[in-house]
Amino acid sequence: MEDIKTTFAAGDYKNEQTPRWCPGCGDHAILNVLHKAMAEIGVAPKDTVVISGIGCSSRLPYYMNTYGMHTIHGRAAAIATGVKTSRPELTVWQISGDGDGLAIGGNHFIHALRRNIDINILLFNNRIYGLTKGQYSPTSARGTISKSSPYGTTEDPFIPAELCFGARGNFFARGFDISLDTTKEIMVAAARHRGASVVEVLQNCVIFNNGVYSFMSDKEKRDEHTIHLRHGEKMLFGKDLEMGLVQEGFGLKAVKVGEDGYTLDDVLTHDAHCRDYVLHQQLAMMDGLTLPMAIGVIRDVEASSYESDVAAQVEEVKGRKNYGGLRDMILKTTESWVVE
Amino acid sequence: MLPTTNVKTLERVVIRFSGDSGDGMQLAGNIFSNVSAGEGNLISTFPDYPAEIRAPQGSLGGVSGYQVSVGKGVHTPGDEADVLVAMNPAALKTNLRYLKKGGVIVCDGDSFTAANLRKAEYKTDDPVTELGIDPNRIMLVPMATLLKNTLADSGMDSKGIMKCKNMLALGLICWLFDLPVEKVIARIEKKFAKKPAIAEANAKVIRAGWDYGHNTHSSMSTYRIESDEAKPGTYVDVNGNTATAWGLIMASEKSGRPLFLGSYPITPATDILHELAKRKDLGVKACQMEDEIAGVCSAIGASYAGHMAVTTTSGPGLALKSEGIGLAVMAELPLVVIDVQRGGPSTGLPTKTEQTDLMQALYGRNGESPLCVVAAASPTDCFHMAFEAARIAMEHMTPVILLTDAFIANGSSAWRVPEESEYPEIHPHALTTDRLAGGWRPFDRDAETFARFWAAPGMEGAMHRVGGLEKDFNTSVISNDGKNHERMVQTRREKVARIANDIPALEVVGDKNAKTVLVGWGGTYGHLLTACNELNADGHPVALAHFRYINPLPANALEVLRGYDNIIVAELNTGMFADYLQMHLPGKEVKRINKIEGQPFMVKEIVEGVINHTK
């Protein structure tokens with residue numbers, strides 16, 4: 001008998017196709033991280049399905065040695081829902097960009113979260129439309145100048161986390177295309193979470209939106225402008241973790257530990273498992289300017305998932321009714337008469 | 001049973017029950033048709049209901065109707081009613097036009113109050129004279145009074161008593177048609193088994209209706225309906241939407257592939273979702289999604305995952321699903337799309353029937369996007385064609401659109417429940433492990449059918465990606481090459497064309513020597529067959545060619561049609577199938593009979609149309 005492989009390396013998830021993203025695009029790095037994360041998760045390539053919509057990032061399934069589908073614009077969540085509901089034993093990933101997931105696919109995004117279908121949504125957020133060559137997206141900041149907004153946008157963006165919590169999502173994490181260890185860590189956490197998980201990966205588009213995150217992602221600014229949250233740990237940041245987040249009034253405040261009377265005890269401890277999402281939302285809304293951008297798993301709350309509830313209900317009523325098949329069901333539930 | 005003196009025998013009768021939406025007319029009609037069917041009659045029923053759920057009581061807009069035809073050779077619910085049951089002045093006014101000349105009216109005389117007459121917009125206080133009704137043809141039954149007297153000591157309140165009005169009418173109709181009242185009561189007792197008080201009250205009222213007819217109208221003729229010889233077996237009364245759901249379940253059982261439905265509520269297709277949601281008890285996963293697009297897309301996901309995948313909708317929903325269906329065409333995944341056609345365009349006439357989605361089904365997608373289109377001919381044929389749609393989808397790896405319509409979806413007929421052995425096994429075109437050794441690629445094809453192989457996740461060694469981008473014919477990798485694209489377009493087209501080798505030949509009925517062929521498709525079958533029979537009986541030789549397979553057409557279809565001097569296509573649109581056939585029959589004139597009124601054909605309209613075209 002052939003050995004059944006139970007442990008996998010990153011290379012097992014990668015196929016021979018050469019990625020066709022622009023040189024320097026953050027997608028290359030995210031793809032490599034995903035291969036590594038999948039190896040760590042340990043679900044076999046044959047039991048893994050990667051579903052994408054349309055956009056630069058949605059090319060990703062072509063570079064996977066798993067089952068996969070590159071679908072149509074905005075619909076990845078709905079298609080992934082069909083895969084997972086019909087075959088709950090499969091591990092299903094959805095790859096979407098900010099346009100695919102939040103503009104044309106916004107409806108499916110919120111309903112996948114509300115329904116809590118156990119799929120892992122990787123949301124590549126570069127705040128721009130790349131494949132159509134540079135229009136603003138639903139996550140572009142107000143005033144963004146692009147080809148379709150030459151005088152600046154006159155609309156406010158979605159904050160994906162806020163949308164996620166509003167749709168009653170139970171898992172939200174955020175990573176950077178340049179901080180690979182963190183991104184791998186949150187991908188693994190997302191896969192292990194039962195129910196819909198959103199992993200927002202902030203990603204640079206070298207062609208149309210170069211440097212959109214450099215105010216916080218540049219090496220010299222990163223420590224000061226980002227904070228890595230871990231469940232059960234103090235919310236500290238800064239080069240020497242000298243800064244902390246404390247609650248003040250209805251909001252959050254960054255303080256220097258040991259100054260102005262603030263001690264380590266005053267600094268908040270992260271609780272990703274808290275059912276109430278109010279503080280998760282405040283953390284996720286920090287924009288990297290006045291308060292540091294939160295990275296890591298912000299929310300991770302257990303709840304029953306759609307596909308397992310559907311499967312359980314089907315089994316329950318099947319067992320209760322115990323029909324022998326279609327004909328038996330018809331004869332037992334419908335008024336019938338016999339013609340001799 | 002009391003003897004009746006003046007009994008006429010009829011081959012078939014048509015009864016139209018009409019009243020407020022809440023009057024329970026459908027239940028009364030349903031029991032009547034089922035008891036008749038139990039006596040060996042063929043039955044055909046059709047509900048005609050307003051788009052508003054509860055229009056104001058007594059208003060013209062709030063009237064709903066339920067037409068029943070029973071007897072021999074019944075293929076339609078009938079053009080016009082022999083008997084009209086009208087529960088209020090509004091129903092009388094709006095339904096009188098459906099009554100045959102010389103037909104009988106049964107009406108609730110107590111409902112002719114000043115308020116009701118005003119709501120129904122009468123100009124005088126005498127509706128009978130105002131509408132020009134022969135007083136000898138109308139039974140003005142004091143229903144409210146009779147009910148109050150019958151149920152005086154039942155302990156029911158007056159609202160509850162009035163709810164039994166439909167059963168009083170049913171009792172009267174049973175008397176009129178000499179139907180065994182005990183069998184009707186037995187059905188009522190079964191239906192209200194858990195509410196014996198209601199069953200008892202209804203039984204009393206049915207007898208009261210029967211007695212009233214017998215005692216006060218003994219001079220009026222009653223009828224005995226002739227019965228047909230039905231094929232032995234167990235029968236149920238089924239409407240097209242339920243039959244569609246059951247046909248899908250049969251296909252799932254016969255293919256061994258679990259049934260997944262992704263759907264979104266839309267009139268008049270929602271009842272398929274309702275039935276399949278109930279059938280979780282048979283293992284069906286029926287999911288109500290967030291919109292029409294998610295309905296088709298979740299089904300596409302389930303199909304990729306190896307399930308028998310279905311989405312159900314009506315015209316506006318089909319429009320929303322177009323892009324998704326195109327993906328299934330490109331990814332070459334099996335998918336059943338059911339379109340219960342209604343009046344369009346846009347929201348149109350949501351509760352009315354039409355055959356106007358044919359072109360949308362055939363061509364309503366971007367790019368060269370061929371797929372299989374089939375249509376069901378009658379309520380019970382929905383079962384067979386739903387099975388066929390699923391069989392073709394899984395054996396030929398293509399989306400299939402099944403067109404039904406509001407008329408057959410809501411209409412019902414007696415249906416013999418098939419034995420499991422009567423339906424063939426379905427063999428999905430699945431990838432087998434022996435093919436993997438030779439370096440399988442996802443767009444490798446069967447040499448005969450051109451169907452690619454269906455490989456579901458979980459299978460070791462068959463990991464593959466599909467999608468909306470064009471693939472290379474040889475390597476299955478994405479390709480922008482022009483020559484390759486043309487080859488793939490032709491291949492997908494040919495794959496659908498070759499389904500013609502796997503569907504039944506077109507059969508023609510009627511006069512074998514006729515020079516004229518009446519042509520139809522889908523839900524008009526009953527009307528066309530009846531018209532064909534009437535024409536032949538009246539000395540107008542005509543044949544009938546009715547299509548259920550639209551794309552591809554049956555292999556012999558064009559040759560058969562070319563054999564006639566006169567080709568007349570009758571359909572409920574401006575001539576879509578006629579245009580489609582004309583395209584395939586250059587040099588031959590395709591004549592037309594069309595109707596776009598949201599209502600089914602009347603047999604006489606087809607008869608007249610054929611006579612006019614053959615003068």
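As the structure is a prediction and not an experimental result, all values here were calculated from the model. By convention in this document, chain letters (A, B, ...) are assigned in the order of the sequence lines, proteins followed by strands, and residues within each chain are numbered from 1.
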Looking only at A:Val317, A:Val338, A:Asn15, A:Ile79, most heavy-atom pairs under 4.5 Å shared with chain B are made by A:Ile79
Okay, B:Pro258 and chain A: the region with an atom under 4.5 Å from a heavy atom over there is neither
Axial cation check for B:Trp454 ring with B:Arg257, 6.0 Å and 45° limits: yes
Bottom line for A:Lys46: the part with an atom under 4.5 Å from chain B's heavy atoms is both
Whatever's closer than 4.5 Å to a heavy atom in chain A on B:Leu259 counts as neither
Whatever's closer than 4.5 Å to a heavy atom in chain A on B:Phe260 counts as side chain
- Distance-only donor-acceptor check, side chains B:Thr311 and B:Lys321, under 3.5 Å: yes
When the 4.5 angstrom heavy-atom criterion is applied to A:Met329 and chain B, the contacting part is side chain
Max heavy-atom pairs within cutoff under 4.5 Å with chain B, candidates A:Thr334, A:Asn65, A:Asp47, A:Val49, goes to A:Asn65
Bottom line for A:Glu315: the part with an atom under 4.5 Å from chain B's heavy atoms is neither
Under 4.5 Å to a heavy atom of chain A? For B:Ala299 that would be neither
Honestly, the part of A:Thr66 sitting under 4.5 Å from a heavy atom of chain B is backbone
Turns out that what part of B:His307 lies under 4.5 Å from chain A's heavy atoms comes down to side chain
Q. Cationic tip of A:Arg115 within the cone over A:Tyr306's six-membered ring, i.e. under 6.0 Å and within 45° of the normal?
A. yes
Counting heavy-atom pairs under 4.5 angstrom with chain A, the leader among B:Pro442, B:Ser252, B:Gly283, B:Ala309 is B:Gly283
Checklist entry - Quick one: do A:Glu335 and B:Lys190 make a salt bridge, cutoff under 4.0 Å? => result no
Notebook entry, point to check: Under 3.5 Å, is there a donor-acceptor pair linking the side chains of B:Arg465 and A:His70?
Noted result: no
message: Is the shortest side-chain heavy-atom distance between B:Ile293 and A:Asn107 below 4.5 Å?
response: no
Exercise. Can a salt bridge be assigned to the pair B:Glu420 and B:Lys254 using a cut-off of 4.0 Å between side-chain N and carboxylate O?
Worked result: no
Determine whether the side chains of B:Ser36 and B:Asn41 contain a donor N or O and an acceptor N or O closer than 3.5 Å. no
Cut-off 4.5 Å, heavy atoms of chain B, and the answer for A:Gln313 is side chain
Okay, A:Asn322 and chain B: the region with an atom under 4.5 Å from a heavy atom over there is neither
Max heavy-atom pairs within cutoff under 4.5 Å with chain B, candidates A:Ile110, A:Thr85, A:Val310, goes to A:Thr85
The interface call for A:Leu326 against chain B, heavy-atom contacts under 4.5 Å, is both
Turns out that what part of A:Leu331 lies under 4.5 Å from chain B's heavy atoms comes down to side chain
Honestly, the part of B:Glu253 sitting under 4.5 Å from a heavy atom of chain A is side chain
The interface call for B:Val284 against chain A, heavy-atom contacts under 4.5 Å, is backbone
Note: vs chain A, highest number of non-hydrogen pairs under 4.5 angstrom among B:Met463, B:Arg279, B:Arg416 is B:Met463
Determine whether the side chains of B:Glu292 and B:Thr313 contain a donor N or O and an acceptor N or O closer than 3.5 Å. yes
